[in-house]
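Heads up, the thing below is written out as structure tokens.
Every chain is numbered from 1, with letters handed out A, B, ... down the list of sequences.
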Protein chains: 2
Amino acid sequence: MISISLASDVPIHDQLVAEIRRLIAAGTIAAGDELPPVRQLAADLGINLNTVARAYRDLTDAGLLSSSRGRGTVVMSGTERPTGEPAQVRRRIESSISSALSDAKLAGLSRDQTRDLINTMMARLWGPSCEEGASP
Amino acid sequence: MISISLASDVPIHDQLVAEIRRLIAAGTIAAGDELPPVRQLAADLGINLNTVARAYRDLTDAGLLSSSRGRGTVVMSGTERPTGEPAQVRRRIESSISSALSDAKLAGLSRDQTRDLINTMMARLWGPSCEEGASP
DNA sequence: TCGCATTGTATCGTACTATGATACAATGTC
DNA sequence: GACATTGTATCATAGTACGATACAATGCGA
């Protein structure tokens with residue numbers, strides 16, 4: 001369910017954070033669900049347990065997870081997640097969207113190709129929309 | 001025209017790369033245009049010239065810029081930019097879009113808010129669309 | 001042609017980070 | 001209370017980010 005790339009230049013624990021955030025956002029794992037113990041996930045991915053622990057800690061600090069010794073790590077409910085300063089959050093989101101779109105355009109994707117790609121991924125997060133690709 | 005944040009946790013040269021990619025994708029700077037000398041841009045941003053040089057080198061390696069001593073750094077034309085393995089490129093783009101959308105949803109943005117934000121930023125890159133927010 | 005300014009590049013040092021090996025501490029179970 | 005399970009802390013090592021400084025190539029004017 002979680003996949004990382006050791007060849008990538010982005011740190012492993014950052015990849016892990018992004019993957020877990022994606023799973024939470026998509027609802028694949030929900031509030032109260034347990035995550036695998038650091039040793040198990042580390043073994044599954046072939047990495048060190050500290051690297052997994054680092055990702056769990058980052059997400060715990062961000063308010064998405066809750067960890068405690070002996071009991072494991074569980075997903076927090078959405079209501080108790082501090083999102084931070086609205087202006088800063090918006091800037092950060094704009095920045096990441098901007099980078100992604102620039103990447104797409106520089107890679108040669110057309111506006112329609114990019115829009116289709118985004119619609120597909122939005123459907124996975126928010127559920128299917130009413131106005132895209134209506135079947136006959 | 002280029003803005004970076006020293007407080008951010010993302011490396012300065014990576015921020016610079018993202019900013020310049022954005023400017024090229026948006027057409028703000030086009031093939032043949034000269035970029036500021038490393039010393040000038042470094043002074044403007046209050047950073048070391050090596051950091052700017054690193055960003056220029058990364059983009060030169062990526063085929064977006066062309067640098068040579070004494071002559072400066074210019075933007076390459078789109079036709080001579082190698083984009084890499086299509087499958088890898090698509091994976092990378094999907095990954096960055098996925099992260100951005102997950103970020104948006106976890107921050108509490110609705111589907112429509114996110115779509116509006118994306119439409120706005122797409123308009124900046126590909127030009128205004130025909131089907132969004134048509135004025136009366 | 002020569003001297004010099006301009007520009008990118010290479011070298012080196014310092015602080016920090018990522019990852020891993022290992023040991024520790026808290027919780028639950030029998 | 002003994003032990004397994006789980007997260008956490010400590011330490012070491014390799015790599016990276018950033019900067020100060022020196023070098024090399026190109027172009028221009030005297």
Any A/T114 side-chain heavy atom under 4.5 Å of A/K105 side chain: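 The answer is no; the side chains never approach within 4.5 Å.
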Quick one, A/L65 and A/V75 - any side-chain contact, counting heavy atoms below 4.5 Å?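 Sidechains of A/V75 and A/L65: in contact.
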Given [options], the nucleotide with the shortest approach to the side chain of [X]:
X	options	value
B/P37	D/dC18, C/dA18, C/dG8	C/dG8
A/R69	D/dA25, D/dC18, D/dT6	D/dT6
B/L49	D/dT21, D/dA25, D/dG7	D/dT21
B/V38	C/dA21, C/dT9, D/dG7	C/dT9

If I take atom [atom1] in residue [X] and atom [atom2] in nucleotide [N], what distance separates them, rounded to the nearest angstrom?
X	N	atom1	atom2	value
A/I12	D/dA14	CD1	C1'	13 Å
A/R71	C/dA26	CZ	P	13 Å
B/L6	D/dC18	CG	C1'	11 Å
A/D58	C/dT19	CG	P	11 Å
A/L35	D/dG7	CG	P	9 Å
B/L65	C/dT7	CG	P	16 Å
B/D9	D/dA17	CG	P	13 Å
A/Q40	D/dA4	CD	C1'	15 Å

Does the pair B/E94/B/R91 count as a salt bridge with the N-to-O cut at 4.0 Å?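 Looking at B/E94 and B/R91, the cut-off is not met.
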Is any side-chain nitrogen or oxygen of B/T51 closer than 4.0 Å to OP1 or OP2 of D/dG19?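 Result: yes.
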Looking at A/T73, I'd like to know whether one of its side-chain N or O atoms comes within less than 4.0 Å of OP1 or OP2 on D/dG7.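 Checking D/dG7 against A/T73, a side-chain N or O does come within under 4.0 Å of OP1 or OP2.
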Checking all strands, does B/R54 fall into the base, sugar-phosphate, or nothing category for heavy-atom contacts under 4.0 angstrom?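 Since only primed, P, OP1 and OP2 atoms lie under 4.0 Å of B/R54, the category is sugar-phosphate.
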If you assign A/G72 and A/R57 each to the DNA chain D nucleotide with the nearest heavy atom, which residue ends up on the more 5' nucleotide?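 Closer to the 5' end of DNA chain D: A/G72.
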Provide the closest heavy-atom pair for B/S98 versus A/M121 in the form atom of the first, atom of the second, distance.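 That closest heavy-atom pairing would be CB-CE, 3.7 Å.
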Can you name the closest pair of heavy atoms from B/I2 and B/L45 and give their distance?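 Closest pair (atom of B/I2, atom of B/L45, distance): O-CD2, 3.6 Å.
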Using heavy-atom distances to pick each residue's nearest nucleotide on DNA chain C, tell me which of A/P11 and B/S67 is more 5'.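 Closer to the 5' end of DNA chain C: B/S67.
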Looking only at N and O atoms, is any donor in the side chain of A/N50 or the base of D/dA9 less than 3.5 Å from an acceptor on the other one?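 In this structure, the two groups form a donor-acceptor pair.
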Can you say whether a donor on the side chain of A/R39 sits under 3.5 Å from an acceptor on the base of D/dG7, or the other way round?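 Such a pair exists between side chain and base.
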